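Okay, so here's the structure we're looking at.
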Amino acid sequence: MSREDLKLDKNDFELLRKQIYRMCGLTISEGKEYLIQHRFKALYKSRNCRSWGEFYKLLVSGDTQFKEEAVSAISTHETSFFRDNHPFTSIRNKVLPELLKKRRPGAKIKIWCAASSTGQEPYSLSMLIHEWTRTVGGGKISPADFSILATDISGAVIERAKEGVFSNLEKSRGLPPGYDKYFEKSGSRWKVEPSVQSLVTFKKFNLLDSFRSLGQFDFVMCRNVLIYFDDATKIDIVHRIHDLLPDKGYLMLGATETLAGHTDRFATEHMGAVLLYRKMRGI
């Protein structure tokens with residue numbers, strides 16, 4: 001297939017980016033034809049498409065599998081264990097102690113990792129909880145007192161995350177010293193320990209869908225995903241997350257994401273280099 005065959009004209013680009021927005025809320029900026037060409041190249045070829053117009057027709061058809069493959073291809077799945085480090089320091093030193101103070105006797109502390117990709121974030125959180133309850137919890141709490149829901153829009157990514165198996169490079173990226181003990185060797189790869197996996201439930205989920213099926217949470221991590229939505233969609237998602245939290249429940253966003261000037265439903269709390277959002281009482 002020649003480069004000319006993959007050329008994306010302005011009309012087809014407009015159709016495709018509007019359809020992407022309808023399917024998953026992601027905003028593809030003007031002038032980003034190369035992004036669609038790059039992300040959809042393999043899918044375009046696998047379906048033997050002869051033009052982007054033909055590709056678009058498949059995208060708006062009733063082919064559910066094709067749509068899911070397209071959403072997975074256009075989405076960003078960049079991740080690593082303990083990504084950016086600072087957020088996990090604030091979780092250990094601020095969020096977990098506060099959640100323990102508020103915990104009702106016998107109740108689980110429920111956490112949602114939205115856009116969890118291949119699982120490194122929720123598994124990092126589970127490992128952190130194991131370490132924290134062992135060294136700081138003072139016998140008042142155990143890992144079994146926590147539950148983590150991890151969601152992603154891509155079914156293929158979720159299935160891979162459930163396996164909990166990572167290459168040596170993937171395991172080494174971001175993993176702090178002393179955390180190797182949470183992995184078992186599996187051939188040439190590494191599998192997350194069952195105790196770590198046991199805290200995490202994975203579910204395919206589109207952030208544009210209703211949150212009613214998810215339940216309530218004490219803490220929500222929604223890092224490095226809102227940057228791909230327009231302002232209206234971003235605030236709609238944040239307000240629906242707000243409704244899932246109890247008074248003073250925490251929301252954590254990515255380092256480049258902010259709610260400043262967009263909503264007054266959260267108070268901000270600085271914890272070192274990290275900004276936490278806490279649900280305002282009674283709002």
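Note that the coordinates shown come from a computational prediction; the quantities given were computed from them, not determined experimentally.
- L259 and V238 make their closest contact through CD2-CG2, 3.7 Å (heavy atoms, listed as atom of the first residue, atom of the second, distance).
- A side-chain N or O of D230 and one of T233 form a donor-acceptor pair less than 3.5 Å apart.
- In terms of modelled atom types and a separation under 3.5 Å, the side chain of Y123 and the main chain of A161 share a donor-acceptor contact.
- K108 is listed as a side-chain neighbour of S147, based on a closest heavy-atom distance under 4.5 Å.
- Atom NE2 of H239 has more than 12 neighbouring heavy atoms from other residues, nucleotides or ligands inside a 6.0 Å radius.
- Atoms CG and CG, from L275 and L253 in turn, are 8.0 Å apart once rounded to the nearest 0.5 Å.
- Of the possible polar contacts, none joining the S126 side chain to the P122 backbone as a donor-acceptor pair under 3.5 Å is found.
- Atom SG of C24 sits about 12.0 Å away from atom NZ of K67, to the nearest 0.5 Å.
- Minimum heavy-atom separation, L175 to M127: CD1-CE, 4.1 Å.
- Distance alone, capped at 3.5 Å, is enough to place a donor-acceptor pair between the K185 side chain and the G187 backbone.
- No donor-acceptor pair closer than 3.5 Å links the side chain of D12 to the backbone N or O of D9.
- Look at R240 and D236 and you find a salt bridge, because one of the NZ, NE, NH1 or NH2 atoms lies within 4.0 Å of a carboxylate O, short of that distance.
- Using modelled atom types, no side-chain atom of S117 and backbone atom of G119 make a donor-acceptor pair closer than 3.5 Å.
- In the model, S72 has a side-chain atom that pairs as donor or acceptor with a side-chain atom of S154 under 3.5 Å.
- Ionic pairing of E163 and R160 is not present here: no N-O contact between side-chain nitrogen and carboxylate oxygen is shorter than 4.0 angstrom.
- Counted within 6.0 Å of NE2 on H38, heavy atoms from surrounding residues, nucleotides or ligands total 12 or fewer; the atom is thus considered open.
- Using a cutoff of 4.0 Å between basic side-chain nitrogens and carboxylate oxygens, R173 and E78 are scored as salt-bridged.
- A150 and I158 get closest at one heavy-atom pair: O-CD1, 4.1 Å.
- Taken from CD1 in I148 to CZ in F202, the straight-line distance is 8.5 Å, to the nearest 0.5 Å.
- Here the closest heavy-atom approach between residue C222 and residue L251 is recorded as CB-CD1, 4.3 Å.
- In this structure, K203 and L214 have side chains that are in contact, with non-hydrogen atoms separated by less than 4.5 Å.
- In terms of modelled atom types and a separation under 3.5 Å, the side chain of E269 and the main chain of R278 share no donor-acceptor contact.
- Rounding to the nearest 0.5 Å gives a distance of 6.0 Å between CD1 of I109 and CG of L100.
- At a threshold of 4.0 Å, the pair E159-K162 counts as salt-bridged, since one of the basic side-chain nitrogens sits closer than that to a carboxylate oxygen.
- D218 places no side-chain N or O within donor-acceptor distance of the main-chain N or O of R103, the cut-off being under 3.5 Å.
- Within a 6.0 Å radius of NZ in K191, more than 12 heavy atoms belonging to other residues, nucleotides or ligands are found.
- Not less than 6.0 angstrom separates the ring centroid of Y21 from the ring centroid of F229.
- Between H130 and L199 the shortest side-chain heavy-atom distance falls below 4.5 Å.
- The two residues L128 and F88 have their closest heavy-atom pair at CD2-O, 3.6 Å.
- Proximity of a side-chain donor or acceptor of S29 to a complementary backbone N or O of K32 within less than 3.5 Å is not detected.
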Exercise. When you look at F66 and R47, which way does the side chain to side chain contact (heavy atoms under 4.5 Å, CB included) test go after all the steps?
Worked result: CA-CA 9 Å; F66 182 78; R47 292 302 180 101; 3.6 Å; yes
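- Side-chain polar atoms of S172 and E170 form no donor-acceptor pair below 3.5 angstrom.
- The existence of a salt bridge linking E131 and K181 is confirmed by a sub-4.0 Å separation between a basic side-chain nitrogen and an acidic carboxylate oxygen.
- Put simply, CD on E68 and CG on N206 are 10.5 Å apart, with the number rounded to the nearest 0.5 Å.
- Ion pairing of D243 with K279 is absent here, as no side-chain N (NZ or NE/NH1/NH2) approaches a carboxylate O to less than 4.0 Å.
- For the residue pair E69 and Q65, a side-chain donor N or O sits within less than 3.5 Å of a side-chain acceptor on the partner.
- Here R223 pairs with D84 in a salt bridge; the nearest charged N to carboxylate O distance falls below 4.0 Å.
- Ion pairing between K204 and D152 fails under the 4.0 Å rule for side-chain N and carboxylate O.
- Using cut-offs of 30° and 60° for the angle between ring planes, the Y44 and W52 rings count as tilted.
- Within a 6.0 Å sphere centred on NZ of K102, heavy atoms belonging to other residues, nucleotides or ligands number more than 12.
- The two residues K234 and L226 make their nearest non-hydrogen contact at CE-O, 3.5 Å.
- The aromatic rings of F146 and W132 stand perpendicular to each other, their planes meeting at an angle above 60°, with 30° marking the opposite boundary.
- Distance alone, capped at 3.5 Å, is enough to place a donor-acceptor pair between the E257 side chain and the I227 backbone.
- For an aromatic pair to be called close, the ring centres must be under 6.0 Å apart, and F81 with Y179 fails this.
- No side-chain heavy atom of L276 sits less than 4.5 Å from a side-chain heavy atom of T268.
- For F211 and W112, the gap between ring centers is short of 6.0 Å.
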For this session: Start with the C-alpha gap between E121 and M221, add the side-chain angles, then the distance that decides, and say whether side chain to side chain contact (heavy atoms under 4.5 Å, CB included) holds.
Result: CA-CA 9 Å; E121 180 174 89; M221 297 178 73; 3.8 Å; yes
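- To the nearest 0.5 Å, atoms OG1 (T151) and CG (L207) are separated by 6.0 Å.
- At least one side-chain heavy atom of I91 sits less than 4.5 Å from a side-chain heavy atom of M252.
- In this pair, F40 and F55 present their aromatic rings tilted. The plane angle is within the 30 to 60° band.
- Side-chain atoms of S124 come within 3.5 Å of backbone N or O of F82 as a donor-acceptor pair.
- Looking at R17 and E30, a side-chain N of the basic residue comes within less than 4.0 Å of a carboxylate O on the acidic one, giving a salt bridge.
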